[in-house]
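A short write-up of the structure that comes next.
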There are 2 protein chains.
Amino acid sequence: MATPANLTHPDRADLNLPSVLFALSDPDRLEIARQLRAGPLDMAECALSNPDMPKSTKSHLMKVLREAGVIRNEANGRSRRLTLRTDDLEARFPGLLAAVLDAPSPD
Amino acid sequence: MATPANLTHPDRADLNLPSVLFALSDPDRLEIARQLRAGPLDMAECALSNPDMPKSTKSHLMKVLREAGVIRNEANGRSRRLTLRTDDLEARFPGLLAAVLDAPSPD
DNA sequence: GCCACAGTTCGACTTTAGTTGAACCATCTA
DNA sequence: TAGATGGTTCAACTAAAGTCGAACTGTGGC
């Protein structure tokens, strides 16, 4: 199996619209994407609605975003560097990311 | 219960981003939204990937789109008139609908 | 080396979403 | 007003997604 240190990421050409929309259709995952808009963050810096969320659950959220191609998740010392795949998403789905992240939510 | 003839639709102000993204994250539902882009259609005119889909399943797809506020579903004689809520979506989530419907999909 | 740390993965479980036949409800037509 | 038509709703089931403790892995500090 893939070692935890080397996670797989879909190629830009393989980004799939339904998967991206699904990944962003969860309030927690959407919030993560919004936080990453200003630049990469280490995983521990990513604040969620529920600060007591178990790390396995948080890791799962990241997995869904990563497998959809919304974020990159790379080893960074003992931590994890999370990066929004802005360029890839813009190239494949022009205007989509901005429209989603700029949209009012929850209200 | 609400009679089949009078379905409820969320107000523009109540449109919720995660619900809209979720509704559009299914290939069949996305396809329906795309078909409605050119203008309203009667339900029977809406062609799906699987032409043998049971009507209860098709009705369910419409329900998800309607409850998310993506489409209107109104009585039209013995049929149903489906309308994309373009203006409401644009007002609440500017650029989102166009970005989604213009995006390449499945490839 | 050993240990603490930050995160991933696994496995079992709960929850939510999708699927479908059957019953039902309006509407149109004869 | 009876029957056919086009759809919704219900109920029961299947499938998929979320949750989270426990075990595991790579890294850094001592």
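Labels below follow one simple rule: chain letters A, B, ... track the order of the sequence lines, proteins then strands, and each chain is numbered from 1.
Listed here is the closest heavy atom pair of B:Leu41 and B:Cys46: CD1-SG, 4.3 Å. Closest heavy-atom contact between A:Arg92 and A:Arg12: CD-O, 3.0 Å. Between A:Asn73 and A:Arg80, the closest heavy-atom pair is OD1-CD, 2.8 Å.
Checking the phosphate oxygens (OP1, OP2) of C:dT8, a side-chain nitrogen or oxygen of A:Asn73 falls inside 4.0 Å. Residue A:Thr57 places no side-chain N or O under 4.0 Å from the OP1 or OP2 atom of D:dT19. Taking 4.0 angstrom as the limit, A:Arg29 places a side-chain polar atom (N or O) nearer than this to OP1 or OP2 of D:dG18. The shortest distance between the side-chain N/O atoms of B:Ser56 and the OP1/OP2 oxygens of C:dT20 is not below 4.0 Å.
With rounding to whole Å, A:Lys63 atom NZ is found 8 Å from C:dT9 atom C1'. In this structure, B:Glu67 atom CD and C:dG18 atom P are separated by 11 Å, rounded to whole Å. B:Leu65 has its CG atom 10 Å from the P atom of C:dG18, to the nearest Å. The distance between atom CG of A:Leu82 and atom C1' of C:dA6, rounded to the nearest whole Å, is 12 Å. Here the P atom of nucleotide C:dG7 and the CZ atom of A:Arg78 are 10 Å apart, to the nearest Å. With rounding to whole Å, B:Arg80 atom CZ is found 11 Å from C:dA26 atom P. What separates CG of B:Asp42 from C1' of D:dG7 is a distance of 11 Å, to the nearest Å. Rounding to whole angstrom units, CG of residue B:Asn6 and P of C:dA26 are separated by 9 Å.
Proximity of B:Val20 to B:Leu97: side-chain heavy atoms (C-beta onward) are nowhere separated by under 4.5 Å. Side-chain contact between A:Arg66 and A:Leu82: absent, with no pair of heavy atoms (C-beta onward) separated by less than 4.5 Å.
Nucleotides of DNA chain C nearest to A:Ser79 and B:Phe22 differ in position, and the one nearer the 5' end is that of A:Ser79. Taking the nucleotide of DNA chain D with the nearest heavy atom to each of A:Gly77 and A:Leu61, the more 5' of the two is matched to A:Leu61.
The side chain of B:Lys55 approaches D:dT8 more closely than any other nucleotide in the set C:dT8, D:dT19, D:dT8. Of the listed nucleotides (D:dC20, C:dA6, D:dG18), D:dG18 has the atom at the smallest distance from the side chain of A:Val64.
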